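Before any comments, here is the structure.
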Amino acid sequence: MGGTYNHREVEAEAQAMWKELNLYETDLASDADPYYLLVEFPYPSGDLHIGHWYAFALTDIYARMLRARGKNVLFPIGFDAFGLPAENAAIKNGIDPKEWTYQNIERMRVQLESMGASFDWSKEVIACDPSYYQWTQWLFTKLFEHGLAERRAAPVKWCPKDQTVLANEQVIDGRCERCGTEVEERTLTQWFLKITKYADRLLSGLERLPWREDIKDAQRAWIGKSEGARMRFDISDAASASEAVHVVDVFTTRPDTIFGATYLVLAPEHSLVTQLATEDARRIENANEVRGYLEATKRKTERERSENKEKTGVELKGVRAINPATNEPIPIYVADYVLGSYGTGAVMAVPAHDERDFEFAKKHGLAIRQVVVPCADDVSNPPRPEFEEVKRDTVVVHLRDRSTGKFAILDWHGPLEGIATAIMGGIDAGETPEEAAVREISEEAALVGAHITKRVPFITAARYCASHKGENRCAHTYALLAEIDSLEGKGKIPDDEAKKHTLSWIEEHEMLGRLTPAHQKQMWQLLHEEIALTGDGYLINSGTFDGRDNREAFSDIIEYAGGERTTNYRLRDWLVSRQRYWGCPIPIVYDPEGKPHAIPAEHLPWLLPTDVDFKPTGKSPLASSEELRERVTRIFGAGWTPEYDTLDTFVDSSWYFLRYLDPKDANDFSDGRRMKRWLPVDRYSGGSEHTTMHLLYARFFIKALHDLALVPVEEPFEERFNRGLIMGPDGQKMSKSKGNVINPDEVVEEYGADAVRIYLAFIGPYNEPGSYPWHLDGVPSMRRFIERVIRQAARASDAAPTEGEERGLARASVKIAEDGDRFKLNTAVATLMALLNELEREQTLSKQSMRAYVQLLAPFAPHITERLWASLGGEGSVHANAWPRYAPELLVDRVITLAVQVNGKRRGEVTLAPDATEEEACAAARAIPAVAEALAAGTHRTVYVPGRILNIVV
RNA sequence: GCCGAGGUGAUGGAAUGGUAGACAUACAGGACUUAAAAUCCUGAGAGGGCCUAAAAAUCCUCAUGUGGGUUCGAGUCCCACCCUCGGUACCA
């Protein structure tokens, strides 16, 4: 073999030994310190890919580390075994989904064992097993009994070619994943879990969780909480505005802008639109046009509607809405930029302060009325509380020189030193903003003949202190763009103006960076792009509210306009009905009146029938089961009918981690005492694709079960880590069509499981998002590392450990444990490699030190370390031993190398005791020529941070 | 568009505000070998000065996307901009 080893033999031997010693069966009742380490259970595709390895092998490293550190670790495994691939196999090849699934599970168990992972197989959970789904069903009936599951009509995705309902995940870019046909929407009666009832708690529960901010943010965005108000608009005939014929409620987050609501928009799906287009059509003059628009919208696929952002719509002529704040009649439009499914399906449009309304208003020539003036305090010259505020009208003029394309900028002197602005000044009595602009250009730049080419349609304001006048000013600002043909023949700026500022000309792209006052920057932007003002400020054109802060007046305006505060969520109730065979049957039966009843616990598990036709017919395959109908009649009586749908597989995975605690219990879904001891899960590792759906569903499930007093915690997972993605060697996502798929079985066969584990640990930090390309040289190089360890173990002698060995091991044992806690296993491996480099340089190497080294390596390379442990005289399994511990003084170096800087630049280093005084450090540093020179130069001070740096500042 | 994360050698990546590039990979040179593989040793961010026959050591300058700032000291903190990746999208 010559320096190499037979990994197949070593792995088989170690795995057999663990089985014999039963090393990883966790005693759930033990008093030892419990730690629940969870990885998302895999779907049994029958093909263990590199992503599975990354997920399980790295988590296993931490499990092993924690056991050595004295924790009683629960590291379970199971299978998320319901789902579509099994059913597709049945349709395509006529294989029984159950048989297909269990065969795959069998194959995956073997593959999973090949990783050397320390799973506790005695707790295995299989979601499609009746002993598991019995309890999925039981929990569903509990939710149903407490009103958290209900049946109602809802739109679903429908493939017209295959005559079947599709699950969301079967719809890819608006098309059926199997045949590529455009998907339609149909309305069917479906089961929902009322997750929206928990929206607020799902949101607030996030706050104390130590999860990464991006994960929490994704959940927050999914929940989509918006606080605002419901406002009521009367609808009347345009001819006789006095008599209201309908009312429309709108949801808005900006009731403070209601005085600027210049039209109303209804979604095409809004009930009032349907009514006005059909039975009440006499009220509108253009009913045909409206019906045409509704038809056109309906024909648009969801894809087209989201792709084409062009805002279309038609006015409902003949009816008007009354703005409850101004009492003005305003036009009503139907437009598909308003969604029927969000809020009330109707909005009050405030084009001045909403991007979408702004765009629509410009296109349709609707009134744009500014009601909020953005107002910023000038940070360099803020208003002072002791002064009165005075309003002034001012202009800001951006002057462009047409011959060079450059813009004028003023650098101010005197009290405004350091401030750079465009040309600006007050508007005198009787002047228009344009006239003031021309005057200011001639005064401040001594230029005549400027043309005003543009004026921003909105005004902004800035508050600042005019200390020379003893007042605060609130400057109402009009922004204008002016152009001048050339600077030829420009006049000289008079001395008194020149004293105040310096005029210079700069490139367009430099302006934003140069302008200092925030509101001038904003004006610059408004001058160049037409956008709505969505920020805060004070109110204008708002009756008695004029001058007030928009946020402060928020509630008063709601009250004034007769609205009420509400909160709206983006989160929808969870649709759990699937017209699919290979899922958990919904445990419901219908009485002869069609009323749903929960199937009593004594009839659970409510078994999935086997006499079914898998061919897609548009109905659930369960509907073809004779046995199921007979079963219902037999148990519940004639006229009773079964529920044919099955549950979304996300229901199965919302509670599996509870079942791991008591997987074989035939009388309960889990065990109360064990849940108290083991929940919440300490660390949950998974893929970022489950950030919103699975993680949110599981959190909801646990909160609901907590409220039913079934589970002792409110949050299921204390820590959550989303791992990165392993890419192909070409840096692309692995896929069969690209031919860049790495098959872990082959790599393991060639280089061994230990090398693959170390490689995956070393590839990068596990606790960060991102992706890592599979480096083809990576695994062989880890194999070489293992072989170097073997060579060192072979040369270890009975000599006593040297201090150098001990110090190295002491440092590494602490560092590796810390890295494990942070899930940064890449630096843990680097530490092991660096330590090996050190040990190789030692003249002699003791068996005792090498045993400790092997222990530190054992979580990463669990197989080979068993053999090395034995060869070094270790007893039993290396994995049954406590993590090496050393005296704390070994962690403190006798001497350290201290960097010496002069003026922050490194000029040398000195060797010192770690607790050397400043005087000692300086004395030693004199030996460095640059330091001696600096010290001789005279006045200086020193910054000394013991153990870190000595900096001499001249 | 919005939200989030991130830009460090040829590559993956290290670095509580304190010697940037740990640890690897790839690369180059050398040793061993009949030869190759394996193994071991050495080198290496870029540029320059000095000394030289040539080199090494030594020394200096510049370097963590770009431009500013805070600090004795910035990859790390602050501001603006550019780019990449992830999530999300007419959510009122």
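Heavy-atom basis, side chains included; hydrogens, waters and symmetry copies ignored. Numbers restart at 1 for each chain; the letters A, B, ... are given by sequence-line order, proteins then strands. Note that the structure is predicted; figures quoted are calculated from it, not measured.
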- Query: What do you reckon, are the aromatic ring centroids of A:Tyr333 and A:Phe360 less than 6.0 Å apart?
  - Reply: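 Aromatic pair counts; centres sit under 6.0 Å.
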Non-hydrogen atoms of [X] and [Y] that approach each other most closely:
X: A:Pro351; Y: A:Ala532; answer: O-CB, 3.7 Å
X: A:Gly343; Y: A:Phe251; answer: CA-CB, 4.2 Å
X: A:Pro268; Y: A:Thr297; answer: CG-CG2, 3.9 Å
X: A:Tyr853; Y: A:Leu832; answer: OH-O, 2.7 Å
X: A:Val334; Y: A:Tyr293; answer: O-CE2, 3.7 Å
X: A:Thr196; Y: A:Leu571; answer: CG2-O, 3.3 Å

Would you mind reading off the distance between [X] atom [atom1] and [N] atom [atom2], rounded to a whole angstrom?
X: A:Ile758; N: B:rC23; atom1: CD1; atom2: C1'; result: 13 Å
X: A:Leu760; N: B:rG13; atom1: CG; atom2: P; result: 14 Å
X: A:His775; N: B:rA26; atom1: NE2; atom2: P; result: 7 Å
X: A:Tyr569; N: B:rA92; atom1: OH; atom2: C1'; result: 17 Å
X: A:Trp774; N: B:rG13; atom1: CH2; atom2: C1'; result: 17 Å

Judged by atom type as modelled, is there a donor-acceptor pair below 3.5 Å linking the side chain of [X] to the main-chain atoms of [Y]?
X: A:Gln219; Y: A:Thr691; value: yes
X: A:Asn568; Y: A:Ser226; value: no
X: A:Thr917; Y: A:Glu920; value: yes
X: A:Arg822; Y: A:Pro765; value: no

Nearest-neighbour nucleotide for the [X] side chain, [options] considered:
X: A:Arg791; options: B:rC90, B:rG13, B:rC40; answer: B:rC40
X: A:Lys824; options: B:rA92, B:rA14, B:rG18; answer: B:rA14
X: A:Val347; options: B:rA92, B:rC90, B:rU16; answer: B:rA92
X: A:Arg788; options: B:rU25, B:rC40, B:rG12; answer: B:rC40
X: A:Arg570; options: B:rA89, B:rA15, B:rC3; answer: B:rA89
X: A:Asp214; options: B:rU16, B:rG4, B:rU39; answer: B:rG4
X: A:Ala830; options: B:rC90, B:rA22, B:rA92; answer: B:rA22
X: A:Asp217; options: B:rC3, B:rA92, B:rG18; answer: B:rC3
X: A:Ser781; options: B:rG12, B:rA15, B:rA24; answer: B:rA24

- Query: Syn or anti for B:rG73, with syn set at within 90° of 0?
  - Reply: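 Anti, since the glycosidic angle lies more than 90° from 0.
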Between [N] and [X], is there an OP1 or OP2 to side-chain N/O distance shorter than 4.0 Å?
X: A:Asn837; N: B:rA24; value: yes
X: A:Arg784; N: B:rU39; value: yes
X: A:Tyr342; N: B:rA92; value: yes
X: A:Arg220; N: B:rG4; value: no

Under 4.0 Å between any heavy atoms, over every strand shown, what does [X] touch: base, sugar-phosphate, or nothing? Just pick one.
X: A:Tyr772; answer: sugar-phosphate
X: A:Thr897; answer: base
X: A:Met348; answer: nothing

Expressed as a whole number of Å, how far does the [atom1] atom of [N] sit from that of [M]?
N: B:rU42; M: B:rA22; atom1: P; answer: 15 Å
N: B:rC79; M: B:rG6; atom1: P; answer: 15 Å
N: B:rA26; M: B:rG75; atom1: P; answer: 31 Å
N: B:rG1; M: B:rU8; atom1: C1'; answer: 31 Å
N: B:rU16; M: B:rA74; atom1: C1'; answer: 15 Å
N: B:rA14; M: B:rU25; atom1: C1'; answer: 15 Å

- Assess A:Arg783 against A:Tyr5: is NZ or CZ under 6.0 Å from the centre of the six-membered ring, and within 45 degrees of the ring's axis?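 Yes, a cation-pi geometry holds between A:Arg783 and A:Tyr5.
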- Note on the structure: Note, RNA chain B 5' to 3' with Watson-Crick or G-U pairs under 3.5 Å encoded as ( ), [ ], | and . gives (((((((..(((.....[....))).(((((.......))))).((((..........))))..(((((..]....))))))))))))....
- In 5'-to-3' order, the base (B), backbone-only (S) or no-contact (-) status of each nucleotide in nucleotides 59-72 of chain B, using a 4.0 angstrom heavy-atom cut-off, is -SSS---------B
